[in-house]
Amino acid sequence: MILIGGQALRNLGSDRHTEDIDFLINDSNSKELFIAEKGIDYINSANNKFFAEIYKAEKGNKQASPQALLELKAYAFVQHCQNFNFAKADACEYDIKFLVRNFDVSPKIVRKYVSSGEFSEIAKIINSVKNR
């Protein structure tokens, strides 16, 4: 079980407020991708190639690295835009900018799981921080 999401970002110094706690897990007994229980959200990597790749890279860590958090936030940004949930997409953009400003990270894994157009939107966010 690996801490991800807003709480992991707060542990790294982010000031964005979040109520829930998110964990990346690998439960091969469950077909569910997202499992919510009493304010805790679990993302199950067992049946999703992107999340499985992140889980494998971070296995053994109690909290996701800044690199993994960037990958996860970039992927979530795309998903929220596709679902027209722009408030959550904006929160992801804020988190991406925090990670890029404070850590030497750039997306690598997520590029394989999004379209070139979607990746260009992620790159625009990153470049808006790096080009300052």
Please report the shortest heavy-atom distance between [X] and [Y], naming the atom on each side.
X	Y	answer
Cys81	Ala89	SG-CB, 3.8 Å
Ala64	Ile4	CB-CG2, 3.8 Å
Arg16	Ser14	N-OG, 3.2 Å

Intermediate values then yes/no, side chain to side chain contact (heavy atoms under 4.5 Å, CB included), Tyr42 and Met1
CA-CA 9 Å; Tyr42 299 94; Met1 191 162 50; 3.7 Å; yes
Side-chain heavy atoms under 4.5 angstrom apart, residues restricted to Ile, Leu, Val, Met, Phe, Trp, Tyr: same cluster for [X] and [Y]?
X	Y	result
Leu33	Val78	yes
Val114	Ile126	yes
Val129	Ile122	yes
Phe51	Phe119	yes
Phe77	Phe34	yes

Sequence neighbours left out, what passes side-chain contact (heavy atoms from CB on, under 4.5 Å) with Asn11? Give chain and number order.
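Listed in chain order: Leu3, Gln63.
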State whether Glu53 and Lys49 are salt-bridged, where the test is any N-O pair (Lys NZ or Arg NE/NH1/NH2 against Asp/Glu carboxylate O) under 4.0 Å.
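Between Lys49 and Glu53 there is no salt bridge, as every charged N stays at least 4.0 Å from the carboxylate O atoms.
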Can you check whether [X] reaches [Y] side chain to side chain, under 4.5 Å on heavy atoms?
X	Y	answer
Leu12	Phe103	yes
Leu99	Leu9	yes
Ile54	Leu72	yes
Phe86	His80	no
Val100	Leu70	yes
Asp41	Phe23	no

Does atom [atom1] ([X]) have a neighbourhood of more than 12 heavy atoms from anything else shown, all under 6.0 Å?
X	atom1	answer
Lys56	NZ	no
Asp104	CG	no
Lys108	NZ	yes

Between Tyr94 and Asp15, is any side-chain donor less than 3.5 angstrom from a side-chain acceptor?
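Side chains of Tyr94 and Asp15: pair found under 3.5 Å.
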Where the side chain of [X] meets the backbone of [Y], is there a donor-acceptor pair that is under 3.5 Å apart?
X	Y	answer
Thr18	Gln7	no
Ser30	Asp27	no
Glu118	Ser115	yes
Asn83	Asn85	no

Check each of Asn61, Asn44, Ile43, Asn26 against Tyr55 using the side chain to side chain contact (heavy atoms under 4.5 Å, CB included) test, and report the only one that passes.
Asn26
Residue pairs fulfilling side chain to side chain donor-acceptor pair (under 3.5 Å) with at least one residue in residues 70-79, sequence neighbours excluded
Gln67-Glu71, Lys73-Asp95
